[in-house]
Engineer: 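What follows is a single structure, and I will ask about it in a moment.
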Amino acid sequence: MKLLEGKAAVVTGGARGIGKGHCEHLVANGAAVVVNDIDIEAAQALADALVEQGGKAIASAADIGTRSGCESLVQACCDAFGKIDIMINNAGVVRDKTLIKLEDDDFELVWRIHVMGTFWCSQAAARKMIEQGGGGAILNTTSGAQFGNFGQTNYSAAKGAIASMTYTWALELARKGIRVNAIGPLATTHMSATFKDADKMPYFDPAANGPMVCWLCSDEADNVTGQVFGTGGERISHMVQPHYGKTVIREGGWDIDSIRQYFQMHIPSEFGAFGVMGKPYPFHQGVKSIAAEAAKSKG
């Protein structure tokens, strides 16, 4: 019996790149899949190919940027396969600009697709799973961009929100037998091609994220929920949940004079790797010196 035999899954953004790899691995492991994508021709082509290979798949062009689209997507899975067991929130979009240049429309679009789409799809799926009574799995997609990435205010904010929703939903839905995890995939895709210095990065097969996704959605991972993993390439990385580090206690609390006396002595040495690339903290000499260098380089 295959790992996901008898399971029914939805994959948003499933026609290309990372999502396509998810769909292929899900079907190979026995699941029936709804391939959701705004490019319905590509989604249908993949669904047809999966069926030709002996799998079960349908295509959907439901708009995950709306509540009604997300609800109809989940219902399409139930109509086609009788239920939904797995909801994989993979679809995404980027509109990269620095804070000073970012416009409302660019922020709103990224937020709506990533955050609201994930929320609406997951809520609709969770409600169906609870109604069915058999539990299920929700798999979200986050990114190291939540650590901070130049030019990605909207994307970084969205990915941080998705990680936080993952933690919260895991706590809320466990009593209903529903597990919620997330991956931060490593892949070369049309979306990653827009990132800064993308042309300097090696090629990473988008489909390499699929095996971990399948396992996380299987019953074998019943003890895994509320976790985020870096996947793709040759890695499986566990993302440690954000937590407070060094703490300095002062009897009676802190006033401005005591902060001025002790902060620089005890805290800055704790500033570790910074940003998505994990480079050493670059601001120990102060941002004024960086601003001065930037001004000098402009002539």
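Computed from a predicted model, the values in this text were never measured in an experiment.
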Engineer: Tell me yes or no: between the side chains of Gln146 and Thr142, is some donor less than 3.5 Å from an acceptor?
Structural biologist: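 Per modelled atom types, Gln146 and Thr142 side chains form a pair under 3.5 Å.
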
Engineer: Please check if any side-chain donor atom of Lys97 sits under 3.5 Å from a side-chain acceptor atom of Gln152, or the reverse.
Structural biologist: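 No - no donor-acceptor pair under 3.5 Å links their side chains.
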
Engineer: For Asn36, run the side chain to side chain contact (heavy atoms under 4.5 Å, CB included) check against Asp63, Ile64, Val11, Ile58 and tell me which one passes.
Structural biologist: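 The option that passes is Ile64.
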
Engineer: Side chains of Gln123 and Arg67: does their closest heavy-atom pair fall under 4.5 Å?
Structural biologist: yes

Engineer: Tell me yes or no: between the side chains of Gln44 and Asp48, is some donor less than 3.5 Å from an acceptor?
Structural biologist: yes

Engineer: For a quick check under 3.5 Å, do Glu220 and Trp215 share a side-chain donor-acceptor pair by atom type?
Structural biologist: yes

Engineer: Applying a strict under-4.5 Å side-chain criterion to I, L, V, M, F, W and Y, I'd like to know whether Val240 and Leu186 cluster together.
Structural biologist: no

Engineer: So do Lys279 and Phe274 actually touch side chain to side chain, heavy atoms under 4.5 Å?
Structural biologist: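 A side-chain contact under 4.5 Å is absent here.
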
Engineer: For Glu108, what residues pass the salt bridge (charged side-chain N to carboxylate O under 4.0 Å, His left out) criterion, not counting sequence neighbours?
Structural biologist: Arg112

Engineer: Answer yes if the side chains of Asn140 and Thr166 hold a donor-acceptor pair under 3.5 Å, and no otherwise.
Structural biologist: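 Distance-only check passes for Asn140 and Thr166.
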
Engineer: Strictly by modelled atom types, are Thr231 and Asn209 linked by a side-chain donor-acceptor pair under 3.5 Å?
Structural biologist: yes

Engineer: After noting the C-alpha distance and the side-chain angles of Ile138 and Leu173, does the key distance pass the side-chain contact (heavy atoms from CB on, under 4.5 Å) rule?
Structural biologist: CA-CA 10 Å; Ile138 296 172; Leu173 296 174; 4.1 Å; yes

